[in-house]
> 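Attaching a single structure in structure tokens format; questions to follow.
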Amino acid sequence: MLLTTIEDVGRYQGQQVTIRGWLYNLRESGKLLFPIFRDGTGLIQGVVSQKEHPAVFETVRELTQESSVVVTGIVRADARAPGGYELALTGIEVIQRVPENDPFPIQRKEHGVDFLLSHRHLWLRTPRQTAILRIRAEAIRAARNFMDSQGYILTDSPIFTPAACEGTTTLFEVDYFEDEKAYLTQSGQLYVEATAAALGKVYCFGPTFRAEKSKTRRHLTEFWMLEPEAAFARLDDMMELGEQLVSHIVQSVLAHRRRELDTLKRDTARLEAVRPPFPRITYDEAIAILQKHGNPTRWGEDFGGDEETILSSQFDRPVIIHRYPAAIKAFYMQPDPQRPELALGFDMLAPEGYGEIIGGGERISDYDLLLRRLRENNLPEEAFRWYLDLRRYGSVPHAGFGLGLERTVAWICGTEHIREVIPFPRMLYRIYP
RNA sequence: UCCCCGGUAGCUCAAUGGUAGAGCAUUCGGCUGUUAACCGAAGGGUUGCAGGUUCGAGUCCUGCCCGGGGAGCCA
């Protein structure tokens, strides 16, 4: 018995192989059956005639969608078969047959969003979803490979934290630690600032949580973020690292997940263009572009979805916007020495309306200034004592950023909604399954 | 939290205030190259919930529940 997978079946033309998987579809034409099997690596059409294999024919005829099976057959190339190869069945073992009075809920047709999300555990089996998950995995692999290759050390940040990283957003409170409130982290950044002072160049990559009442196709309550941080790095260093990282992720997906992008019908020409350097504009220039397009945003205001769409549509690759007004950025942002009303921070906007995929910049390294900012933002000093310590013992200029994984993958995949690019999305009003 | 949209068969959707339907799925029958196969037949309904208007409500009104999109906020 030659056990193989569907993606490797082309190596075994003319040979008898065994494949383990599930029935994806069954078509019938008189005394011929055309079952399509899937095994996670792809789809393959089987064929069996009643005349040649009556017992196999009867078993296959009774099969229901998503029944689990072990099938054996002869591999042969056939242009009429989807995928180019066909399996002439010689044997079949049914592991579990889905009962016909309780059929697999996901049909090969359009479904509504609510239904699909309620059946996410089964929806994941469909070709579009498996393609997305493969691209997500490739994006993660590429991102970690790139960071490792640049000398960054993985130092993951804690999930439970004693205080807000940025103070403003709503946090999930955890009632467990005695005498002290705890929260689920909304960013690992503060902790990589500590490990950067230990190791030089570091990054963390893990889930983050935002208890915002955000109901849009760009938001999840639980999402993954990759956050590099480097001692002695400045704003320019991080803008360059960000564009190299994003380019590397996109080019790796193009190189290794072409088939999956085809499944998604993604226009890959838009992705081919994603190579350094990315356009860089200042906040001042962004305001000028917006005003030229009749947008009413005034200097000092932050950008919303409309503004991001106008700005990103000016370019064929992600655009970096830097030096925002300090007043609309986080408390820890280093002021621009040339113009102290500006912060040395940047955002990267994905093309095609997918929004902000990176936010970052230089951190305040001066103890007194940081303490003043903490107080101005009414943040609990006690919880930030360790963070202030980083400015008492060998403080250095340092910078970093956070890359939102799901927004990045949603953009690469061209999905309508971010919820499709994480196996089990957590959103406002949705925790099941 | 606010604004907009929606909820009818397992799924996707129709139905001028007047007998609740279709396609898909399921079951049965037909077809030796099917491509979301096709052809024929059958079963399948507390129209989200509670009130109200009316001779009569899926349809109109009020409240509630659930979901979607967006704003704010953010990656």
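Note on naming: letters A, B, ... go to the chains in the order of the sequence lines (proteins, then strands), and numbering restarts at 1 for each one.
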> If the condition is side-chain contact (heavy atoms from CB on, under 4.5 Å), which residues does A/R125 pass it with, not counting sequence neighbours?
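A/R125: side-chain contact (heavy atoms from CB on, under 4.5 Å) contacts with A/W22, A/R38, A/E66, A/F104, A/L122.
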> Side chains of A/Q129 and A/R120: donor-acceptor distance under 3.5 Å anywhere?
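Their side chains do contain a donor-acceptor pair, which is all the 3.5 Å distance test asks for.
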> Set out, line by line, the N/O atom pairs under 3.5 Å between protein and nucleotides 10-13 of chain B.
residue, atom, partner, partner atom, Å
B/G10, N2, A/Q107, NE2, 2.4
B/C11, O2', A/H111, ND1, 2.6
B/C11, O2, A/K109, NZ, 2.4
B/U12, OP1, A/G112, N, 2.8

> Check the side chains of A/D284 and A/T282 for a donor-acceptor pair under 3.5 angstrom, ignoring hydrogens and angles.
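No, because no side-chain N or O of A/T282 sits under 3.5 Å from a partner of the opposite role on A/D284.
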> List the atom of A/D39, the atom of A/I6, and the distance in Å for their closest heavy-atom pair.
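Minimum heavy-atom contact is OD2-N, 2.9 Å.
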> Do A/W123 and A/F115 have ring centroids that are under 6.0 Å from one another?
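No - the distance between ring centres of A/F115 and A/W123 does not fall below the 6.0 Å cut-off.
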> Which pairs, with at least one residue in residues 152-163 of chain A and sequence neighbours excluded, count as a salt bridge (charged side-chain N to carboxylate O under 4.0 Å, His left out)?
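Matches after skipping sequence neighbours: none remain.
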> Is the A/F331 to A/F384 ring centre distance short of 6.0 Å?
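Yes, close enough.
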> Return the 5'-most residue of the pair A/L117, A/D347 with respect to RNA chain B, ranking by each residue's nearest nucleotide.
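The 5'-side residue here is A/L117.
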> Let me know, please, whether A/E100 or A/E86 comes out on the 5' side of the other along RNA chain B by nearest nucleotide.
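Between the two, 5'-proximity favours A/E100.
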> Can you tell me the distance, in whole Å, between the CG atom of A/L63 and the P atom of B/A25?
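Distance check: A/L63 CG to B/A25 P gives 17 Å.
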> Between A/H417 (side chain only) and A/R419 (backbone N and O only), is there a donor and an acceptor less than 3.5 Å apart?
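Here the side-chain-to-backbone pair exists.
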> Can you list the residues that meet the side chain to side chain donor-acceptor pair (under 3.5 Å) rule with A/T216, with sequence neighbours excluded?
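Scan of A/T216 (side chain to side chain donor-acceptor pair (under 3.5 Å), adjacent residues dropped) gives A/H219.
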> Any side-chain donor paired with an acceptor under 3.5 Å for A/T185 and A/T208?
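There is no such pair between these side chains.
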> Given B/A75, B/U32, B/G72, which nucleotide is nearest the side-chain atoms of A/E356?
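From the listed options, B/A75 comes nearest.
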> Taking atom types as they are modelled, would you say the side chain of A/S214 forms a donor-acceptor pair with the base of B/C73 within the 3.5 Å cutoff?
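Answer is yes: a donor-acceptor pair is held.
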> C1' atom, B/G70 versus B/C13: distance in rounded Å?
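My reading of the C1' atoms in B/G70 and B/C13 gives 25 Å.
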> Pick the C1' atom in B/A9 and in B/A25, then give their distance to the nearest Å.
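Per the computed distance, 11 Å lies between those C1' atoms.
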> Hey, where does RNA chain B pair up into stems, meaning at least three consecutive Watson-Crick or G-U pairs with distances under 3.5 Å?
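The stems that RNA chain B takes part in, listed by first number, are B:1-7 with B:65-71, B:10-13 with B:21-24, B:26-30 with B:38-42, B:48-52 with B:60-64.
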> Is the shortest side-chain N to carboxylate O distance from A/R266 to A/E352 below 4.0 Å?
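Salt bridge present between A/R266 and A/E352.
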> Rounding to an integer number of angstrom, what distance separates B/C61 and B/G6 when you compare their P atoms?
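Rounded to whole Å, the distance is 12 Å.
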> Using a 4.0 Å heavy-atom cut-off, does A/D78 contact any base of the nucleic acid, only the sugar-phosphate backbone, or nothing at all?
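Base contact - A/D78 has a heavy atom under 4.0 Å of at least one base atom.
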> Within the modelled atom types, does a donor on one side and an acceptor on the other bring the side chain of A/R430 and the base of B/C66 under 3.5 Å apart?
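Check fails, no donor-acceptor contact within cut-off.
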> Rounded off to whole Å, could you give me the CD-to-C1' distance for the A/E66 and B/U26 pair?
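The distance from CD of A/E66 to C1' of B/U26 comes to 16 Å, rounded to the nearest Å.
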> Please give the distance between the C1' atoms of B/G58 and B/U1 as a whole number of Å.
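Between the two C1' atoms, the distance is 32 Å.
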> Hey, what are the protein-to-nucleotides 28-31 of chain B N/O distances that come in under 3.5 Å?
residue, atom, partner, partner atom, Å
B/C31, OP2, A/K31, NZ, 3.4
B/C31, N3, A/G30, N, 3.1

> Would you tabulate the nitrogen or oxygen pairs shorter than 3.5 Å linking the protein to nucleotides 40-43 of chain B?
none

> Which nucleotide, B/C73, B/G70, B/U26, lies nearest any side-chain atom of A/P103?
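Among B/C73, B/G70, B/U26, the one nearest the side chain of A/P103 is B/U26.
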> Return the orientation label for the A/W386 and A/Y191 ring planes: parallel under 30°, perpendicular over 60°, tilted otherwise.
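Ring orientation of A/W386 relative to A/Y191: parallel.
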> Near RNA chain B, counting only heavy atoms under 4.0 Å, which residues of residues 217-226 of chain A show up?
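Listed by number, they are A/R217, A/R218, A/H219, A/L220, A/F223, A/M225.
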> In whole Å, measure the gap between the C1' atoms of B/G21 and B/U47 for me.
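One C1' to the other, the span is 12 Å.
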> Scan side-chain atoms only and decide if A/D148 and A/Y203 contain a donor-acceptor pair under the 3.5 Å cut-off.
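Side chains of A/D148 and A/Y203: pair found under 3.5 Å.
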> Take the protein atom CG of A/N295 and the nucleotide atom P of B/A71, then report the distance between them rounded to whole Å.
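These atoms are roughly 13 Å apart.
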> How long is the line joining OH of A/Y429 and C1' of B/G48, in whole Å?
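In whole Å, B/G48 C1' lies 18 Å from A/Y429 OH.
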> Hydrogens and angles aside, do A/Y332 and A/E193 bring a side-chain donor and acceptor to less than 3.5 Å of each other?
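A/E193 and A/Y332 do not have a side-chain donor-acceptor pair below 3.5 Å.
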> Determine whether the side chains of A/T297 and A/E307 contain a donor N or O and an acceptor N or O closer than 3.5 Å.
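Short answer, yes.
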> Would you mind classifying the nucleic acid contact of A/E52 as base, sugar-phosphate or nothing, using non-hydrogen atoms under 4.0 angstrom?
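Nothing: the residue A/E52, judged by heavy atoms under 4.0 Å, touches no strand.
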> Consider only side-chain N and O atoms of A/E229 and A/T195, and report whether a donor and an acceptor are under 3.5 Å apart.
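Short answer, no.
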> How close or far is atom C1' of B/U27 from atom CG of A/D102, stated in whole angstroms?
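In whole Å, B/U27 C1' lies 15 Å from A/D102 CG.
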> Taking the side chain of A/K213 as its heavy atoms from C-beta onward, which of B/U34, B/G68, B/U1 lies nearest to it?
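Selected nucleotide (nearest to the side chain): B/U1.
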> May I have the distance from A/E406 (atom CD) to B/C74 (atom C1'), rounded to whole angstrom?
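Between C1' of B/C74 and CD of A/E406: 14 Å.
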> Which one of A/R323, A/R234, A/K329 satisfies the salt bridge (Lys or Arg N to Asp or Glu O under 4.0 Å) criterion with A/E362?
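The passing option is A/R234.
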> Rounded to whole Å, please give me the gap between NZ in A/K329 and C1' in B/C74.
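Result: 9 Å.
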> Please list, in numerical order, the residues of residues 411-421 of chain A that have a heavy atom closer than 4.0 Å to any atom of RNA chain B.
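Heavy-atom contacts with RNA chain B come from A/H417, A/I418, A/R419.
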> Roughly how many Å apart are B/G43 and B/C5, using the P atom of each and rounding to a whole number?
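Here B/C5 and B/G43 have their P atoms 40 Å from each other.
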> Take atom C1' in B/G10 and the same atom in B/G45, then report the distance between them in whole Å.
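Looking at atom C1' only, B/G10 and B/G45 are 12 Å apart.
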> Can you sort out the partners of A/R134 under side chain to side chain donor-acceptor pair (under 3.5 Å), two or more places apart, ordered by chain and number?
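For A/R134 there are no side chain to side chain donor-acceptor pair (under 3.5 Å) partners, ignoring immediate neighbours.
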> In terms of side-chain heavy atoms, does A/R27 have a donor or acceptor partner in A/Q45 at a distance below 3.5 Å?
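Indeed, the side chains of A/R27 and A/Q45 share at least one donor-acceptor pair under 3.5 Å.
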> Using whole Å, what does the distance between atom P of nucleotide B/A71 and atom CG of A/D302 come to?
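These atoms are roughly 13 Å apart.
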> Listed by chain and number, what are the side chain to side chain donor-acceptor pair (under 3.5 Å) partners of A/R136, not counting sequence neighbours?
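Applying side chain to side chain donor-acceptor pair (under 3.5 Å) to A/R136 gives A/E406.
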> Rounding to the closest angstrom, what is the interatomic distance between B/G67 and B/C74 at atom C1'?
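Their C1' atoms lie roughly 23 Å apart.
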> Quick one: side chain to side chain donor-acceptor pair (under 3.5 Å) partners of A/Q251, sequence neighbours excluded?
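In terms of side chain to side chain donor-acceptor pair (under 3.5 Å), with neighbours along the sequence ignored, A/Q251 is linked to A/R275.
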